[in-house]
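Contents: one structure, followed by commentary.
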Amino acid sequence: MPRYNPAAIEPKWQAYWEQHATFAAPKMPTGPKLYALDMFPYPSGDGLHVGHPEGYTATDIVCRAARMQGKSVVHPMGFDSFGLPAEEHAIKTGVHPRIQTEKNISTFRRQLKSLGFSYDWGREIATTDVAYFKWTQWIFLQIYDTWFDAELQKGRPISELPIPDGVQAAGADAVRDYQDERRLAYQSSAPVNWCPALGTVLANEEVIDGKSERGGHPVVRMPLRQWMLRITAYADRLEKDLDGLDWHDGIKALQRNWIGRSTGAEVYFTLPGVQDVLVPDEEGTTESLFVTTEIRIEESLDIYTTRPDTLFGATYMVIAPEHPLIDRLTKKEEAAKVQAYREQAARKSDLERTELSKEKTGVFTGSYAVNPVNDEHVPIWVADYVLASYGTGAIMAVPAHDERDFEFAKQFGLPIEAVVDPGDALPPAERNEVLDGRRYFGGEGVAVNSGKYNGLRTAEFKRKIIADLEEQGVGREAVNYKLRDWLFSRQRFWGEPFPILHELDAAGEKTGRVRAVPEDQLPVDLPHLDDFKPHGRPEPPLDKAPDEWLYPTIDGVKYKRETNTMPQWAGSCWYYLRFLDPTNTQAPIDPAIEKAWMPIDLYIGGAEHAVLHLLYARFWHKVLYDRGVVSTVEPFQKLVNQGMILGENNEKMSKSRGNVINPDEVVKEYGADALRLYEMFMGPLEATKPWNMNGVNGVRDFLGRAWRMIVDDRAEEMALSPAITDDAPNADELRVLHKTIKAVTEDVAKLSFNTAIARMMEFTNFFTKQERRPRACMEPFVLLLSPFAPHAGEELWQALGHAKSLAYEPWPKFDESLLIESSIELAVQVNGKVRGKINVAADADNGTILATAKAEPKVAEQIAGKTLTQEKVVPGRLVIFAVK
RNA sequence: GGCCGAGUGGCGGAAUGGCAGACGCUCUGGACUUAAAAUCCAGUGGGGGGCAACCCCCGUGCGGGUUCGACUCCCGCCUCGGCUACCA
C-alpha cells in the first residue's frame with residue numbers, strides 16, 4: 001500500500017478499534033480521570049452536518065491525548081431523539097416516529113463511526129429508549145416530590161414540608177392542596193402560546209417574533225392547564241454557582257442576563273377609602289361589569305421598582321391588563337374603554353405587543369392611588385407595556401427617569417417631574433431639558449424635588465428610603481428575576497409521558513387530585529396510536545390512546561393518565577449522568593460511579609444551547625443534588641462553545657442557500673483524517689469561520705507529506721522510506737522534535753488545535769528535506785499526530801513495526817535542555833525600530849550581548865553622538881536601546 | 001435599544017507589550033516528465049532604491065493617549081456577526 005490511501009486505511013482501523021473495544025472506558029476510573037462530553041445531536045433526517053464534527057473532533061483529540069497521558073477517559077455519545085420533526089413525519093406518512101427515529105440514529109451512528117471518534121459505543125443511549133426515559137420519569141417524580149425551603153435554599157422532600165396548624169386542622173384535602181402548591185412540579189393554567197398549525201403550545205423561547213421557531217407558524221395566547229417546573233426557586237443558586245465554573249465570561253453573562261436578577265423595593269400605594277367601583281359577578285368574570293356599587297377598598301396597589309429613589313417623581317401608575325385588581329379599580333365611566341383594551345391586549349400575540357412598541361397604548365381606569373411618600377393622588381392606567389408576569393404586575397411610572405414611562409407620558413399628556421439631577425453626567429443643555437421634563441434621564445445623580453431627601457446621591461437615597469418605607473410598613477426591599485418558571489408540558493405524542501395520574505370520580509370526571517405513578521410501575525411507555533394527527537385542539541394526541549392505557553386502576557381507584565408529554569429538553573437534562581452507568585436497572589446512576597467521574601471536565605457544543613439547555617440541566621442537577629442523587633453541585637465544570645462553520649460563500653449553511661457541505665462526501669473524497677484535521681486547522685475552535693474545500697485539499701496534502709516522510713510510496717508493498725534510519729538524531733533534529741512535542745502538548749491543553757497542526761507541518765517540512773530521518777524522531781511524531789489523524793497515525797505506527805494500537809502508547813515528553821540552540825540571532829532595536837541583527841552564543845551574558853549589539857555597524861550609527869537612556873536584553877529575542 | 005464577540009496580505013489565520021503576517025490556501029517561476037498528473041524546490045503585504053548580496057519608507061477598521069517600543073494596554077468612534085429585547 002504505497003500511496004496514502006485513506007479509503008483503505010480508515011475502515012481498517014475503525015474495524016480494529018471496534019473489534020478490540022479499544023476505547024471502552026472502565027466502569028470506575030483507575031487514576032486521574034477525564035470526562036469529556038459532546039452535546040449529543042438530535043438525529044435529524046438530514047444526517048450529520050459539518051458543524052457536528054467540529055466540536056466532536058476537538059473533544060476526541062483531547063481524549064486520545066489524555067489516554068496516552070495515562071488518564072482514565074470516558075468519552076460517550078448518544079442521541080437526543082425525541083422531537084417534533086419525527087412526529088411531523090409520522091403525521092404525514094403514518095409511520096411510527098420510533099421507526100423514523102431509529103433510521104435516523106443508524107445514519108448518524110454510521111457517519112460518526114466513519115469519522116473515527118474514540119467513543120465508548122458500549123455506553124450509547126438515546127433519550128427515546130424506554131430504559132432511558134424510565135429514569136427521566138423517575139427524576140420528574142423526584143422533582144414532583146420536592147419543595148423548596150427558601151430559608152435553607154434547598155429542595156427537600158415534600159413529606160418534610162411544615163404544615164401550618166390552620167391547614168392541618170382543615171383536613172387531609174387541605175394539607176394535600178397546601179403541599180401541591182409548593183411542589184417543584186406543579187400545574188398551572190397560565191396563558192400559553194398556542195400554535196394551531198403545529199397543534200401544540202410552545203414555550204416562550206420557542207416563539208420568535210410571534211411565530212413558531214419551527215415552521216414560522218402564527219402563535220396565539222390562550223389559557224391552558226400546564227405542568228410547570230419551579231426553576232425560579234433556584235434562580236439565586238443558578239446565578240451564584242456560575243462563579244466557580246470554567247466557562248467563557250460571555251456565556252456566564254448570557255445566563256446571568258437570562259436569570260435577570262435585580263434588586264429594588266416593593267412599595268405599597270394605598271387606594272383611597274371609598275370609590276365607585278365595578279364589582280365582578282360571582283364567577284369573577286366581567287360579564288356584569290356595568291353593575292356598580294360603592295364598596296370600601298382596603299387593598300393597596302403594590303409595585304416593584306429598582307429605583308425607589310424616584311418615588312417623588314411618580315406621576316401615574318400602570319397596571320398590566322391581566323392585573324387581578326383591574327376590575328375593582330375600573331370606574332364605571334371608563335369601564336367600556338378598559339374592557340375593550342383588555343380584550344385587545346389579550347388577543348395580541350407577543351409579536352404585536354412588541355412590534356407596536358413604538359406607539360405605547362393604554363387607558364385610564366378612573367382610579368387613583370396614594371403615593372406613600374407624599375400622599376399625592378396619582379392616576380392609575382392600564383397599559384400592556386407592563387407585564388403581568390414580572391414583579392407585581394404594576395409599576396409606578398416616573399417619566400422623568402424612565403424611557404418607557406417618558407414615551408407613555410408624552411403620548412397621553414401626563415406630567416413629567418424630574419427628581420434626579422444628572423449633574424455632570426449630561427452636557428448642561430441636556431441636563432436642563434431633564435430638569436424641565438423635556439428629556440428622560442435613567443442614570444444616577446442627586447435627588448431634587450424629593451422633600452427631606454433632597455441632595456442625596458442615588459445609592460444612598462435608595463438605602464435610606466427602603467429603610468424608611470419598611471419602618472412605616474409601606475414597602476420593603478425586594479429581589480426580582482426575569483427568569484420564569486419552566487413550562488414543562490407539550491401537547492405532543494413523541495415525548496416522555498408524565499408519570500402522573502388524575503383521579504376520577506364515580507362519574508368518570510377528574511376530581512382535580514393527581515398522584516404519581518408508583519415507582520415500581522415505571523416506565524410509563526407510550527401507547528399504541530392509530531394515527532398521530534393533532535386534532536387542532538389543545539388536547540394532546542395521547543387523549544386518543546386506548547382505554548387500557550389511558551384509564552388505569554390502582555387500589556380500586558380509577559385514574560386517567562396525564563396525556564401531556566415532556567418537552568425535548570427533558571432528556572438532555574441528565575444524559576451526561578446516564579452515560580456513566582447506562583445499564584443500571586436500580587437507579588439512574590450508581591452514586592459511587594457518579595462520585596468518581598463527575599463533574600464533566602470538558603463539555604463542548606454549540607452556542608445555541610448556551611442558555612436554555614445548560615440552565616435546565618443545571619437546575620435538574622441541583623435538585624438531584626439536594627435530594628442526594630448526585631454529589632456534585634454543578635455538572636459542567638468546563639464549557640467551550642465551538643464556532644459556527646459558514647459555507648464557502650461566507651454565509652450560514654442552509655439548503656436554501658445551496659452551500660451545505662456534506663461530511664460523507666468530504667470523507668469519500670479526502671478521508672476522515674483530512675476532514676478532522678481541516679476542521680481543526682480552519683482557525684480557533686470558538687471562532688466563526690467559512691469552509692474552503694481548497695483548505696481540505698491542503699491538509700490532505702500535508703497528510704500525504706507526512707506519509708511519504710515515513711513510507712516508501714513507490715514500493716509495491718508497505719515499506720519504510722529508505723531515509724528512515726536507526727541512527728541517533730543529531731542536535732538540530734532533536735531540537736525540532738522537542739520543539740514540536742512541547743508546542744503540540746501545550747496547544748492541545750489550550751485547545752489551540754490550529755497552531756498545534758501548524759507546528760506539525762513545520763516538523764514535516766523540516767524532515768522531508770532531511771535525507772536521513774531518524775526513527776527516534778519519526779515515532780514520537782506519529783504519536784503526536786495520532787489524536788488529530790488517528791487512522792493515519794495507527795497505520796504509520798504499524799509501518800514502523802508496532803503490532804499494537806498506539807491508543808495507549810505513552811505521550812512523548814519534551815526535554816527543555818534540547819530546545820536550546822548553540823548560537824542565536826537577536827534583533828537589535830533602537831527607539832523601538834529594528835536596526836540590526838547580531839549572532840551570539842546561546843549562553844552569552846548580557847554584557848557580552850550589549851557589547852556585540854553596540855558594535856553592530858548600523859546600530860552604532862544610530863546611537864552615535866546620542867545619550868543612551870536605556871538598554872535591555874529580552875532573553876532569546878532581542879536587544880533594546882533607547883537614545884535621546 | 002441592551003449584552004457579547006470580531007475587524008491583521010487576494011483568502012483562512014499566527015503573534016496578547018518586544019523582529020507583524022507563523023502555518024496553510026491561492027497565484028507565479030523552476031526541477032522531474034515525450035507530455036500531463038503527482039511530487040520536489042523557490043517566490044508571493046504595498047511602495048521606492050540598487051548590477052548585486054541587499055537597503056529605505058509605509059502598513060494590523062478610524063481618531064487620540066500611555067510607552068524606549070502597541071495588532072496587543074487606556075479613552076472616544078465606525079463597521080460586521082451572534083444573542084436578546086418594554087423585565088420597571
Side-chain angles (χ1 to χ4, degrees), chain A residues 3 205 208-209 248-254 256-258 260-262 264 303-307 310 318 350 353-354 356-358 360 383-387 389-398 401-405 407-408 442 480-484 607-608 610-611 641 643-644 646 648 650 652 678 681-684 686-699 701-702 704-705 708 713-714 752 754-762 764-765 768-769 825-837 858 868-874 877-884:
Chain A
R3 290 269 282 265
E205 53 272 17
I208 293 168
D209 291 340
H248 206 262
D249 283 343
I251 299 295
K252 288 191 189 182
L254 229 52
R256 285 209 181 87
N257 215 354
W258 193 264
R261 184 179 202 270
S262 74
I303 59 97
Y304 172 72
T305 178
T306 56
R307 292 296 299 270
T310 59
V318 184
D350 283 352
R353 278 203 185 187
T354 55
L356 304 171
S357 66
K358 304 260 155 33
K360 293 257 184 302
D384 64 6
Y385 83 90
V386 170
L387 307 175
S389 52
Y390 184 76
T392 60
I395 62 156
M396 65 169 189
V398 185
H401 302 290
D402 180 278
E403 184 179 9
R404 296 151 298 178
D405 298 344
E407 284 172 14
F408 191 83
N480 256 304
Y481 301 93
K482 283 204 270 187
L483 184 68
R484 304 297 149 81
E608 65 273 21
V611 178
N641 288 120
M644 209 192 323
L646 304 175
E648 298 205 80
N650 243 298
K652 230 178 225 175
Y678 174 66
F681 189 60
M682 289 171 86
E686 298 186 61
T688 303
K689 45 219 177 248
W691 191 268
N692 177 0
M693 213 49 102
N694 285 330
V696 185
N697 198 47
V699 295
D701 284 350
F702 159 66
R705 268 165 80 77
R708 284 187 300 278
D713 72 333
R714 286 181 216 192
S752 179
N754 55 333
T755 52
I757 293 165
R759 299 294 87 81
M760 290 191 282
M761 288 173 168
E762 283 170 345
T764 308
N765 289 344
T768 296
K769 290 189 181 103
E825 188 189 63
L826 297 177
V828 185
Q829 280 189 356
V830 181
N831 288 349
K833 291 208 163 168
V834 178
R835 295 297 176 180
K837 305 217 167 157
K858 285 195 207 67
L868 199 60
T869 56
Q870 196 181 31
E871 55 181 33
K872 194 176 161 187
V873 177
V874 181
R877 308 207 64 157
L878 77 170
V879 185
I880 292 149
F881 294 114
V883 294
K884 266 187 201 159

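These figures come from a predicted structure and were not determined experimentally.
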Can you list every stem that RNA chain B is part of, counting only runs of 3 or more consecutive Watson-Crick or G-U wobble pairs with both distances under 3.5 Å? B:1-7 with B:78-84, B:10-12 with B:23-25, B:27-31 with B:39-43, B:45-49 with B:54-58, B:61-65 with B:73-77
What contact category does A:Glu762 fall into here, base, sugar-phosphate, or nothing, at under 4.0 angstrom with non-hydrogen atoms? sugar-phosphate
Answer with base, sugar-phosphate or nothing: what part of the nucleic acid does A:Arg759 contact at a heavy-atom distance below 4.0 Å?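 A:Arg759: base contact, heavy atoms under 4.0 Å.
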Against the side chain of A:Arg835, the closest entry in B:rC86, B:rC57, B:rG13 is B:rC57
Counting side-chain heavy atoms from C-beta on, which of B:rA14, B:rC23, B:rC41 comes nearest to A:Arg705?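 Output: B:rC41.
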Quantified in whole Å, what is the P atom distance between nucleotide B:rG12 and nucleotide B:rG65? 32 Å
Short side-chain to backbone donor-acceptor contact, A:Asp405 and A:Val398, under 3.5 Å: yes
Okay, side chain of A:Glu648, backbone of A:Met693: is any donor-acceptor separation there less than 3.5 Å? yes
For A:Tyr304 and A:Asn257, take the nucleotide of RNA chain B holding the closest heavy atom to each; which residue's nucleotide lies nearer the 5' end? A:Asn257
Starting from the 5' end of RNA chain B, give me the residue, A:Ala253 or A:Thr305, whose nearest nucleotide shows up first. A:Ala253
Under 4.0 Å: is that the gap between some side-chain N or O of A:Asn765 and OP1 or OP2 of B:rG24? yes
Any A:Asn694 side-chain nitrogen or oxygen under 4.0 Å from OP1 or OP2 of B:rG24: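 No, outside the criterion.
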For the pair made of CD in A:Gln870 and P in B:rU67, what is the distance, rounded to whole Å?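 Distance, rounded to whole Å: 12 Å.
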For A:Leu387 and B:rU84, give me the distance from atom CG to atom P, rounded to whole Å. 17 Å
